2 protein chains.
Amino acid sequence: MGAMPQPPAPRKTTGRPARISRTEILRTALRIVTDEGVARLTMRRLASEVGSTPMALYHHVRDKEELLLLLLDDYAAQHLHRPSTAPTEPRERVIAAATAIHEVLADCPWVVEVLTADDLMSKSALWFVEQIVDGLTACGLTLESAVHGYRAIWYYTAGEIVIRTTAAHRRAADDRPTYRERVFTDLDPDELPRLAEVSDRWAPLTAQDIYVHGLTALVNGLLARPD
Amino acid sequence: MGAMPQPPAPRKTTGRPARISRTEILRTALRIVTDEGVARLTMRRLASEVGSTPMALYHHVRDKEELLLLLLDDYAAQHLHRPSTAPTEPRERVIAAATAIHEVLADCPWVVEVLTADDLMSKSALWFVEQIVDGLTACGLTLESAVHGYRAIWYYTAGEIVIRTTAAHRRAADDRPTYRERVFTDLDPDELPRLAEVSDRWAPLTAQDIYVHGLTALVNGLLARPD
DNA sequence: TTAAGTTTCTATACATGTAAGAAAACTAGC
DNA sequence: GCTAGTTTTCTTACATGTATAGAAACTTAA
């Protein structure tokens, strides 16, 4: 909740005085989202709650996407806490940092609408990124390889969250059979023997949480080949 | 381009005869998208091109998301080709299959709007999924672990595509500094030494294509620990 | 005090996806 | 032929994000 980057530059001199502030907008938006869900956060609703008009918001926030990005920032700052006792083994530190980020983001309901940002988010997350990069270098990677490794971890983490979240969302809003279910019936065992073999176990198998498992594999693989 | 699943069930008996078909809709939509980009594909535009009204489309397609999903299906069916000579070594087969999927999807401009589907797509992609699962089992994984492994690969692949594509999209539509750029200035070298050290190299580093690198690491890691 | 400049806010308008319900075009039974 | 039932299509309407144009409220310079 520290000072955010404030593009409107706090020059206190000229012009019409502002009646709403970005922080007020964000505070109200966060309340709406936590109370009633991200679907209820519309620009009109938000404007009326801060006692203004929709277009006035656009002087404090570029568009709704930036608004959500800033919300995620706040959310991360509030929920991402550096552990009091971090693992000493560097490999474990990498995994712990990635898992921490993953846990916080996976619990954030509106995360999907933002997560496609090209890189990881707020200042509060940077410490975890540092842990990952530093842990990888401590295991013998060059700094460049460590950055690439971090990036691979981020792809994996973001992909897991985005896919799992939207899948859950879709299932909740829809009682018709999933695409997967339609495709997975009538598999030709001659052409696709493995898939046919697991076709009935596919749903429970893919419902399992394998994040840490895959993350560990990825980190191990990254560390096994120094380049 | 084979027969798609047709939920409206081809009963030829009662009711008003249809003037448009799902395949006609998809054909037109694909033309619009390939000619003018996904942004130009609106339900109204599509309706007028098939000589109908917007709401009539909704009897052949649940919503726009399903329309895009079906488009991606078509796209994959046209562009995913099984290699004539697949690698014999199972680990290489896994990597080759994942890379093939990745290449096709990364070239598909509207992929991001759909890619968050909870599982991989059309029948044309199933052969590649089979290659991955089968390759992993051939390396000694149990069938369950192989499915989990495939899933980790899919998370990584989808995440890479989604993040890279939207990042490029954002940069194209925006000349203001990226969030990353704002955050990466003024890093405290005491608190975040590694990030401060690479801060100026961060942009070019993260612009590099590391998909295969990360994929190889992930696969190696998955194979290293049979459970 | 007035004029110019700067910033913020408001009013209006548009394009979009799509919900709701009425109408149309057919078939089957009488 | 006529009625009921079924499926597809059309009309209308709404909520949403946001572009555009200009009004309003302030500061500074004259």
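Throughout, a chain's letter reflects where its sequence line sits, starting with A, and its residues are numbered from 1. Keep in mind it's a predicted model, so treat the numbers as computed, not measured. For the numbers below, each heavy atom of this structure counts, side chains included, while hydrogens, waters and symmetry mates do not.
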Per [X] side chain, nearest of listed nucleotides [options]:
X       : options                : answer
B:Pro17 : D:dT9, C:dA25, D:dT18  : C:dA25
B:Met55 : C:dA25, D:dC10, D:dA23 : D:dC10
A:Thr14 : D:dT9, D:dG17, C:dT7   : C:dT7
A:Ile20 : C:dA25, C:dC9, D:dT18  : C:dC9

[N] OP1/OP2 closer than 4.0 Å to side-chain N/O of [X]:
X       : N      : value
B:His59 : D:dC10 : no
A:Thr53 : C:dT10 : yes
A:Arg19 : C:dT10 : yes

For this session: Name the nucleic acid region contacted by A:Ala56, choosing base, sugar-phosphate or nothing; use a 4.0 angstrom heavy-atom cut-off, strictly under.
Result: base
Exercise. Just checking A:Thr42: base, sugar-phosphate only, or nothing, at a heavy-atom cut-off of under 4.0 Å?
Worked result: sugar-phosphate
Exercise. B:Arg44 or B:Ala18: which one's nearest nucleotide on DNA chain D is closer to the 5' end?
Worked result: B:Ala18
In whole angstroms, how far is the [atom2] atom of [N] from the [atom1] atom of [X]?
X       : N      : atom1 : atom2 : value
B:Leu68 : C:dG17 : CG    : P     : 10 Å
B:Ile25 : D:dT8  : CD1   : C1'   : 11 Å
A:His60 : C:dC9  : NE2   : P     : 4 Å
B:Lys64 : C:dT16 : NZ    : C1'   : 8 Å
A:Arg62 : D:dA19 : CZ    : P     : 11 Å
B:Met43 : D:dA13 : CE    : P     : 21 Å
A:Leu46 : C:dC9  : CG    : P     : 13 Å
A:Tyr58 : D:dA21 : OH    : P     : 18 Å

Problem set entry | Residue A:Arg45 excluded, over 12 heavy atoms near CZ under 6.0 Å | yes
Problem set entry | Pair B:Arg40 + B:Glu49, salt bridge at N-O below 4.0 Å | no
Exercise. Under 4.0 Å between a Lys/Arg side-chain N and an Asp/Glu carboxylate O for A:Arg82 and A:Glu130?
Worked result: no
For this session: Specify whether B:His102 and B:Tyr211 have parallel, tilted or perpendicular ring planes, treating 30° as the upper limit for parallel and 60° as the lower limit for perpendicular.
Result: parallel
Seminar exercise, completed: Of A:Ser21 and B:Arg16, the one whose closest nucleotide on DNA chain C sits nearer the 5' end is A:Ser21
Exercise. Does A:Arg194 use its side chain to pair, donor to acceptor, with the backbone of B:Asp134 at less than 3.5 Å?
Worked result: no
